[in-house]
Structure formats: structure tokens, C-alpha cells
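Side chains included, hydrogens not; waters and symmetry mates left out as well; all remaining heavy atoms used.
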Amino acid sequence: MLSVVAVVVSASCTLFKRKPTPLEKDSGQLYSYILEYAGNQADIAFGRLGGAYPIYSENGRWVETELGGWARGLYPGMVWLLYQSTQDERYLKLAGDWLNGLEKYENDNSSFGLGLIFYPSYVIGYQITGNRAYRDIALEAAENLSSRFNEAGF
């Protein structure tokens with residue numbers, strides 16, 4: 001059954017002149033429909049969230065708490081992965097939009113999760129775009145995090 005689906009999807013790519021994504025070329029798997037759906041969901045979520053970074057929903061509404069602060073970098077991280085997989089330029093802008101609310105946390109000493117905030121957002125953003133401003137912000141956050149080290153190893 002899976003091979004039939006792959007043939008149908010592959011044929012539809014040829015019939016409708018849809019080019020396979022770089023991920024599909026490398027893996028031989030057809031992911032574009034999943035990636036398109038994920039991208040549409042990211043677009044919808046960003047519009048609904050209005051710059052907030054919640055980690056769960058309750059009664060159909062997003063809930064943002066400071067306890068979820070460590071997850072903030074995952075939003076732009078997912079969008080960077082979408083861009084990397086599809087090369088769709090709209091994800092470059094969307095990832096940049098998601099970064100807007102994060103820079104202020106580079107010197108935050110209250111969060112244990114600076115790596116989780118800055119690696120998927122700014123480090124991956126720098127690796128993909130070469131934007132040195134992303135690199136500098138990530139390094140500032142890393143410097144802040146490393147300043148917490150003590151001899152006991154914490």
C-alpha cells in the first residue's frame with residue numbers, strides 16, 4: 001500500500017511539475033505534503049499567537065507561562081527546519097519574525113534553558129543564513145550561561 005501511495009505522489013509531482021524538496025532528493029522519500037502542512041500550521045500559529053511563546057493549550061486557547069520560557073526557541077527552530085527542508089523563502093521571514101521576542105533573554109539569569117532558547121533559534125539561524133547578528137546574540141547567551149558554572153560542576 002505504501003509503495004502505491006509513493007507512486008501516486010511521485011506521479012503527481014511529475015504531472016503538476018512540483019519539484020522535489022532537497023530532503024526528498026537526499027532521502028528518496030516524499031515529504032513535501034507533510035512539510036507544506038507543517039508550514040501552513042506554523043503560519044496559522046504565528047498569526048494566532050501574536051508573538052507569544054506558549055507550550056500548551058487549555059480549553060482551545062494557548063497558555064503562555066514563564067515556566068515554559070525554555071521552549072521559546074523551539075518555534076523559530078521548527079521554522080528554520082521547514083526552510084532548510086523546502087527552501088521556501090517565506091520561512092526565512094517567518095523564522096526572523098519568531099526571533100523578535102527572544103533577544104532580550106540573552107542575559108536572562110533566571111532560565112535554566114538558555115541553550116534550548118538560543119540553539120534552535122539563533123545558532124541554527126546563523127548556520128542557515130550566515131547572519132552574524134544571530135551568531136553574536138547566540139554567543140552572548142552562551143557567555144551568560146557559562147558564567148553560571150561553579151567548581152561543584154553546576
When you compare the side chain of [Y] with that of [X], does any pair of heavy atoms fall below 4.5 Å?
X: Tyr83; Y: Glu89; value: yes
X: Leu99; Y: Glu103; value: no
X: Phe118; Y: Tyr105; value: yes

Sequence neighbours excluded, every pair satisfying salt bridge (Lys or Arg N to Asp or Glu O under 4.0 Å) that has a member inside residues 119-136: none
Measuring from [X]:[atom1] to [Y]:[atom2], what's the distance to the nearest 0.5 Å?
X: Thr129; Y: Ile124; atom1: OG1; atom2: CD1; result: 11.0 Å
X: Leu81; Y: Leu74; atom1: CG; atom2: CG; result: 10.0 Å
X: Gln87; Y: Leu82; atom1: CD; atom2: CG; result: 11.5 Å

If you compare all heavy atoms of [X] against all heavy atoms of [Y], which two are closest, and at what distance to 0.1 Å?
X: Ala95; Y: Val79; result: N-CG1, 3.5 Å
X: Leu102; Y: Gly73; result: CD1-CA, 4.2 Å
X: Trp70; Y: Gly113; result: CB-CA, 4.1 Å
X: Val123; Y: Ala138; result: CG2-CB, 3.6 Å
X: Ala141; Y: Leu114; result: O-CD1, 4.0 Å

Arg90: partners by salt bridge (charged side-chain N to carboxylate O under 4.0 Å, His left out), with sequence neighbours left out: Asp43, Asp88
Candidate pair Leu92 and Trp80, rule side-chain contact (heavy atoms from CB on, under 4.5 Å), full reasoning: CA-CA 7 Å; Leu92 284 175; Trp80 287 129; 3.7 Å; yes
Geometric class of the Tyr75/Trp98 ring pair [parallel <30°, tilted 30-60°, perpendicular >60°]: parallel
Asn144 side chain vs Glu106 backbone, donor-acceptor pair below 3.5 Å: yes
ILVMFWY cluster, Ile117 and Tyr119 together (side-chain gap under 4.5 Å): yes
All ring-ring contact (aromatic ring centres under 6.0 Å, His included) counterparts of Tyr91, not counting sequence neighbours: none
Crowding at CD, Gln41 (>12 non-hydrogen neighbours, <6.0 Å): yes
